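For clarity, every value in this text was computed on a predicted model and none was experimentally measured. Reminder, nothing fancy here: chain letters follow the sequence lines and each chain counts from 1.
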There are 2 protein chains.
Amino acid sequence: MRSSTESDGRGRAVIDTVSPQIEGGRFAIKRTVGEEVVVHADVFCDGHDVLRCVLLFGREGATEWAEAPMRHLGNDRWTASFVVGELGRWGYTVVAWVDRFFTWRHDLARRTDPKDIAVATQVGAELVREAAARAAGGARTRLAEFGEALRTASEPDAAKRIGADEELGQLMARHGERLFPTRYDRTLPVVVDPERARFGAWYEMFPRSCAADGATHGTFADCEKRLPYVAEMGFDVLYLPPVHPIGTTYRKGPNNALVAGPDDPGSPWAIGAPEGGHTALHRELGTLADFRRLVRAAREHGIEVAMDIAFQCSPDHPWVQEHPAWFRWRPDGTVQYAENPPKKYQDIYPFDFETDEWLALWQELKGVFLYWIDQGVRIFRVDNPHTKPFPMWEWLIREVKRDHPGTMFLAEAFTRPKIMHRLAKLGYTQSYTYFAWRNTKRELVEYFTELSQSESREYFRPNVWPNTPDILTEFLQYGGRPAFMLRVALAATLSASYGIYGPAFELLEYVARDPGSEEYLDSEKYQIRAWDLDRPDSLRDYIARLNRIRKENPALQSDWSLRFHGVDNDALICFSKSSEDLSNVILVVANLDPHHVQSGWVELPLDRFDLDGDRPYQVHDLLSDARYLWHGARNFVRLEPHAVPVHVLRLRRKVRTERDFDYFL
Amino acid sequence: MRSSTESDGRGRAVIDTVSPQIEGGRFAIKRTVGEEVVVHADVFCDGHDVLRCVLLFGREGATEWAEAPMRHLGNDRWTASFVVGELGRWGYTVVAWVDRFFTWRHDLARRTDPKDIAVATQVGAELVREAAARAAGGARTRLAEFGEALRTASEPDAAKRIGADEELGQLMARHGERLFPTRYDRTLPVVVDPERARFGAWYEMFPRSCAADGATHGTFADCEKRLPYVAEMGFDVLYLPPVHPIGTTYRKGPNNALVAGPDDPGSPWAIGAPEGGHTALHRELGTLADFRRLVRAAREHGIEVAMDIAFQCSPDHPWVQEHPAWFRWRPDGTVQYAENPPKKYQDIYPFDFETDEWLALWQELKGVFLYWIDQGVRIFRVDNPHTKPFPMWEWLIREVKRDHPGTMFLAEAFTRPKIMHRLAKLGYTQSYTYFAWRNTKRELVEYFTELSQSESREYFRPNVWPNTPDILTEFLQYGGRPAFMLRVALAATLSASYGIYGPAFELLEYVARDPGSEEYLDSEKYQIRAWDLDRPDSLRDYIARLNRIRKENPALQSDWSLRFHGVDNDALICFSKSSEDLSNVILVVANLDPHHVQSGWVELPLDRFDLDGDRPYQVHDLLSDARYLWHGARNFVRLEPHAVPVHVLRLRRKVRTERDFDYFL
């Protein structure tokens with residue numbers, strides 16, 4: 001404990017329980033550029049004196065911070081907010097002090113004895129004179145005038161009137177002395193990320209399956225040609241699995257076969273071959289120039305390319321020869337390959353992060369990110385971050401973002417909850433979630449309430465995926481087209497950040513490798529696939545519509561407004577998102593049963609949407625363009641899964657114009 | 001943020017969310033000697049390796065701390081506990097590491113490939129050999145033997161058997177290397193107080209009203225004669241209002257009259273006269289020797305004398321002359337007296353804690369406590385601590401307790417909740433509460449659930465009082481004798497620490513000074529009162545019985561086990577307290593209506609008390625000695641307020657002996 005006698009013990013204000021804060025300021029809260037940080041604090045002092053309290057905030061390392069006066073909410077809770085206008089690390093803290101002038105003014109108003117008032121008036125006159133001495137220009141003049149007026153006030157009512165003067169109050173708020181201020185003992189950090197960290201639709205695609213003929217090995221140039229397709233669907237991020245040279249030792253064949261044929265391309269996650277490792281490109285995909293051109297071309301379509309970073313090596317990776325100390329060697333002279341006994345991954349060597357050369361290894365891995373940032377990449381999806389040390393990530397992400405604050409890191413960790421939260425706390429910009437396995441109403445309500453309403457929302461930004469190359473859920477395997485339509489609509493509306501692995505998704509790929517497995521049959525992880533993008537049953541137009549709705553409706557571009565509403569049928573789920581001013585309210589009703597028509601009564605909290613229970617309102621289905629006139633809190637809904645299993649309704653308020661006819665806003 | 005590269009980045013264990021902790025360890029949790037601290041922590045590491053985790057604990061400043069292995073509860077939550085055996089400040093923290101041996105052993109058991117097992121066995125042999133080198137004596141020999149056995153194990157099953165050997169596991173738990181341990185970044189403090197901090201019955205009494213004749217000014221010698229009376233009622237603490245010289249300037253007369261008559265004794269809280277201040281005694285009470293004898297005599301009755309410390313001065317206090325800088329002077333040359341406009345307290349000067357001489361003032365005030373500690377006092381009730389700076393209390397209490405860890409401080413702060421909590425956090429041993437104003441079932445359930453079940457119980461120890469010299473509640477004014485019986489029984493059973501202001505309480509003093517006021521008419525604060533302690537309607541025997549029940553039943557000696565149970569009548573309240581092993585379970589049912597008979601059905605959670613729903617059990621009323629045979633969860637209760645408005649029931653389990661007849665434990 002810091003002894004108070006070391007500082008000035010006259011600081012009588014106490015500042016306690018400042019929020020938001022993550023583990024006492026050990027970790028930062030997260031915002032995107034332009035968002036607000038609403039700060040609360042318990043602030044009080046001994047006795048009955050009047051406190052003043054300001055929020056201090058600014059860029060980390062800035063010499064001077066801005067301040068905002070805090071407002072008392074009652075029960076000793078104060079609040080103020082600020083907007084984070086730039087990328088990078090910010091901070092905030094609270095300062096409070098017992099204000100002599102405002103205490104004096106408060107007491108003066110309640111004094112009744114004329115003699116007492118006369119003495120008190122002189123005390124106040126002195127406070128105002130002191131403030132005048134500190135002020136300059138017009139303020140100095142006015143304060144001097146107020147001081148003199150108090151000094152010479154001839155009768156109690158006149159003194160009280162001057163004391164209560166509003167201009168005097170404003171002048172004293174600026175120029176009164178901040179005597180013995182208390183500063184909260186921590187400065188709380190904020191990481192400010194680009195807007196894409198809050199809102200974006202991701203599309204994962206294997207470059208090698210992009211060749212126009214559907215047979216030869218696709219290239220970056222082929223990916224470029226695929227950009228209009230991706231852009232027309234409305235995606236913001238194009239995420240590519242690893243694009244590095246693939247090892248040949250223990251290369252896996254189709255469907256994870258232990259032995260590969262001579263023409264099998266292997267898994268892109270078995271990174272490294274004699275020609276290079278994590279900073280090299282797979283020859284058949286193209287050159288570095290081709291890659292850079294793809295990144296630029298994507299950006300012209302409004303799309304960021306996201307790279308996959310998987311920190312593991314094929315036995316053929318140059319690092320295995322160059323840095324043998326980065327791997328663990330067994331007594332038989334072999335390198336310890338990745339395993340989770342009895343499972344073995346002979347085609348992958350993990351790093352030994354307990355090596356004596358750990359710092360060199362950390363530096364090299366950081367260098368991988370910096371290398372690709374130099375090539376124009378701003379977004380990284382990190383493979384299995386939870387199998388690498390947490391302290392390394394905390395250091396690495398902070399180091400990278402110091403010079404490149406717009407960089408985003410998506411943690412691909414489908415693991416235990418506390419591990420996923422730690423990765424988010426220590427710096428990951430976004431996190432994968434359990435969404436793929438949350439299918440019932442109860443599961444969805446519970447999980448998304450936690451994600452959007454609990455304290456973890458300050459640091460854990462969900463990015464939800466109905467499928468990935470590793471995850472073909474049972475629900476998609478057996479639910480047919482309605483299941484795909486439902487799951488992508490839920491992802492796109494429940495979460496401002498979501499993604500799909502395509503074209504497998506829009507082409508309704510549903511066959512698993514084995515019963516009970518979530519692996520795709522003939523997975524692109526191990527072979528090149530040809531996709532007929534123009535198949536009439538493709539969901540591309542439906543997905544394009546969903547993404548357009550997301551772009552046109554601010555309510556869907558963030559998550560904290562999410563609320564679930566009652567439906568008297570467990571197969572139907574209903575939720576809303578709204579902009580703060582309620583100018584944009586989106587209501588989603590979905591049929592969670594991909595097999596049967598379901599219907600029920602939806603119950604809305606009219607107050608929350610500022611709706612008048614006595615007047616009808618319109619709900620406009622942005623997917624089907626149908627419009628329904630609803631009345632009151634309870635309204636009937638019926639959803640046919642084989643048509644469209646979801647309503648995405650924009651709530652339109654009925655207003656009466658001056659000329660006495662109605663229209664819907 | 002501490003950069004991980006500054007330490008060794010190879011520490012892969014993560015320790016998060018250690019509990020209990022108050023504001024990140026800024027404040028201590030509280031325990032009494034012999035109590036347990038149950039610690040939980042989230043502990044995990046990257047990957048699939050096996051963690052070990054220990055709780056470190058000990059006296060603050062001790063060179064070596066003890067450790068206890070932590071146990072995994074699932075979901076990455078670990079736990080261990082320790083007992084605080086001595087007064088003073090303790091600390092605890094958590095250390096965890098990835099354990100190579102136990103990881104190896106876990107993996108070995110799952111390996112299947114004989115060649116793989118052979119290599120793994122050699123890895124394990126090396127770990128065991130290294131441990132042998134670190135061990136000594138018999139452990140070294142056994143480890144060397146195990147190492148050799150592994151090295152020479154000829155076939156997979158033999159190797160697996162040795163690897164899984166229990167003795168080897170125990171030896172390796174002690175001698176295996178703790179490689180790259182992570183220590184939680186904070187050490188969390190515990191303040192350990194005497195048992196009286198958790199459990200005690202207090203009796204407040206004005207010494208000057210203790211004269212046997214009921215007319216003259218009582219003395220410490222008179223107080224001594226009153227000790228058997230207080231001891232027979234079963235009280236543990238005798239709390240005396242200030243015993244210092246009383247000022248004469250602006251002395252208050254009876255019933256707070258602005259002008260005192262020549263014989264009026266004044267308020268004991270107007271401290272200080274020419275003969276002395278906070279370290280002097282009021283002449284008419286006796287000498288320092290008398291006071292010391294009273295403290296000793298009380299202790300012989302098992303009673304601690306608690307002193308009142310009120311940091312304020314009458315205008316006649318020597319400090320006003322000696323340390324004018326400790327007071328605030330007005331422009332008219334007078335000292336600023338205590339006020340909360342338009343209320344004035346001309347008989348009291350507050351200190352100006354914003355004085356330049358604040359540190360000398362702090363030191364002097366600390367000296368007051370040390371002076372009385374030297375006279376044998378161990379318990380202080382501090383008057384209005386919330387009108388003195390919080391940083392001073394934090395410093396002062398810590399300073400005093402450093403050398404006198406058995407000292408107790410009771411905060412007399414009836415103010416806003418966050419202020420009361422801050423005083424408790426910064427070091428007050430116990431706190432007054434809002435109990436006096438909580439009368440309905442809903443209020444009582446809500447408030448005592450908060451006190452006994454929320455996180456604040458780690459630092460906020462309630463001491464509940466149905467009355468004080470300042471508080472004669474409306475409920476007591478109008479509820480008659482049943483109200484007094486009810487309120488003291490609730491206080492004595494809801495809270496392990498409680499007190500009454502007597503003899504006003506046991507003599508049913510109920511007349512207020514004015515309608516709507518909580519002040520006593522003819523309050524002892526301003527005049528000497530004569531009390532007829534032998535009045536037949538006195539509650540002394542009833543209170544004695546309550547205190548005896550408290551002493552005989554461990555369940556009532558702490559608060560955390562408190563649980564409320566359902567009754568289908570809002571005028572009846574039901575709650576239980578129990579010892580951890582359920583050998584002592586007390587069930588209280590009270591009629592909150594002092595005017596009418598009330599009855600209803602009580603509903604008990606039989607599981608909680610390990611009761612068999614099919615067998616009857618006995619509830620034994622410890623107040624009336626009546627016994628009732630109850631069956632199942634729902635039982636009928638009827639309480640007549642004018643007889644006894646409360647059941648204090650000991651739950652007695654029916655057991656069957658070997659000889660096949662039943663009795664109640």
Side-chain angles (χ1 to χ4, degrees), chain A residues 1 3-5 8-12 14 16-17 23-26 42 44-48 75-77 98 107-108 110-113 119-120 122-123 126 179-180 185 330-332 334 339-342 350 353-355 358-359 362 386-392 394-395 398 416-419 422, chain B residues 1 3-5 8-12 14 16-17 23-26 42 44-48 75-76 98 107-108 110-113 119-120 122-123 126 179-180 185 189 330-332 334 339-342 350 353-355 358-359 362 386-392 394-395 398 416-419 422:
Chain A
M1 193 194 69
S3 164
S4 289
T5 55
D8 192 321
R10 288 174 292 184
R12 292 164 52 209
V14 171
D16 203 329
T17 320
E23 285 185 51
R26 165 82 173 78
D42 291 346
F44 46 83
C45 67
D46 57 280
H48 308 284
N75 194 24
D76 299 311
R77 196 85 179 137
V98 172
D107 288 351
L108 182 69
R110 297 187 301 159
R111 293 186 192 277
T112 48
D113 174 357
V119 178
Q122 295 315 309
V123 172
E126 183 57 27
L179 210 56
F180 316 125
D185 61 0
R330 306 184 93 198
D332 63 348
T334 61
E339 56 173 357
N340 187 12
F353 285 98
E354 293 181 355
T355 171
W358 61 275
L359 189 52
W362 285 22
H386 56 297
T387 60
K388 287 92 197 174
F390 299 88
M392 181 190 72
E394 187 169 7
W395 168 85
R398 183 141 175 173
R416 307 195 301 275
K418 286 174 181 170
I419 292 181
R422 180 74 179 197
Chain B
M1 191 194 70
S3 165
S4 288
T5 54
D8 191 322
R10 288 175 291 183
R12 292 165 50 208
V14 172
D16 202 330
T17 320
E23 286 186 50
R26 166 82 173 77
D42 292 345
F44 46 84
C45 67
D46 57 279
H48 308 284
N75 194 24
D76 299 311
V98 171
D107 287 351
L108 181 70
R110 297 187 301 159
R111 291 185 194 277
T112 50
D113 174 357
V119 177
Q122 294 315 309
V123 172
E126 181 57 26
L179 211 55
F180 317 125
D185 61 0
R330 305 186 93 197
D332 62 349
T334 60
E339 56 173 357
N340 187 12
F353 286 98
E354 291 181 356
T355 171
W358 61 274
L359 189 51
W362 285 22
H386 57 296
T387 61
K388 288 92 197 171
F390 300 89
M392 182 192 71
E394 186 169 7
W395 169 86
R398 181 139 176 176
R416 308 194 301 276
K418 286 173 181 171
I419 291 180
R422 181 74 179 198

What is the minimum heavy-atom distance between B:Gly11 and A:Pro391, and which atoms define it? O-CG, 3.4 Å
B:Arg12: salt bridge (Lys or Arg N to Asp or Glu O under 4.0 Å) partners, not counting sequence neighbours: A:Glu354, B:Asp46, B:Asp49
Closest approach of B:Pro331 and A:Val119, non-hydrogen atoms and distance? CD-CG1, 3.7 Å
A:Phe44 vs B:Arg416 side-chain heavy atoms within contact, under 4.5 Å: yes
Let's test your reading of the structure: which of B:Thr334, B:Asp16, B:Val123, B:Thr355 forms the most heavy-atom pairs below 4.5 Å with chain A? B:Asp16
Can you tell which of B:Arg111, B:Gln122, B:His386 has the highest number of heavy-atom pairs within less than 4.5 Å of chain A? B:Arg111
Options A:Arg77, A:His48, A:Glu126, ranked by heavy-atom pairs under 4.5 Å with chain B, top entry: A:His48
Nearest 0.5 Å please: distance from the CG atom of A:Leu359 over to the CZ atom of B:Arg10. 10.0 Å
Under the rule for salt bridge (Lys or Arg N to Asp or Glu O under 4.0 Å), what residues qualify as partners of B:Lys418, not counting sequence neighbours? A:Asp42
Contacting moiety of A:Leu108, where chain B heavy atoms sit under 4.5 Å: neither
Straight-line distance of B:Phe180 CZ to A:Phe353 CZ, nearest 0.5 Å: 13.5 Å
Top contributor to chain A interface from B:Thr112, B:Ile419, B:Val98, B:Leu179 [non-hydrogen pairs under 4.5 Å]: B:Ile419
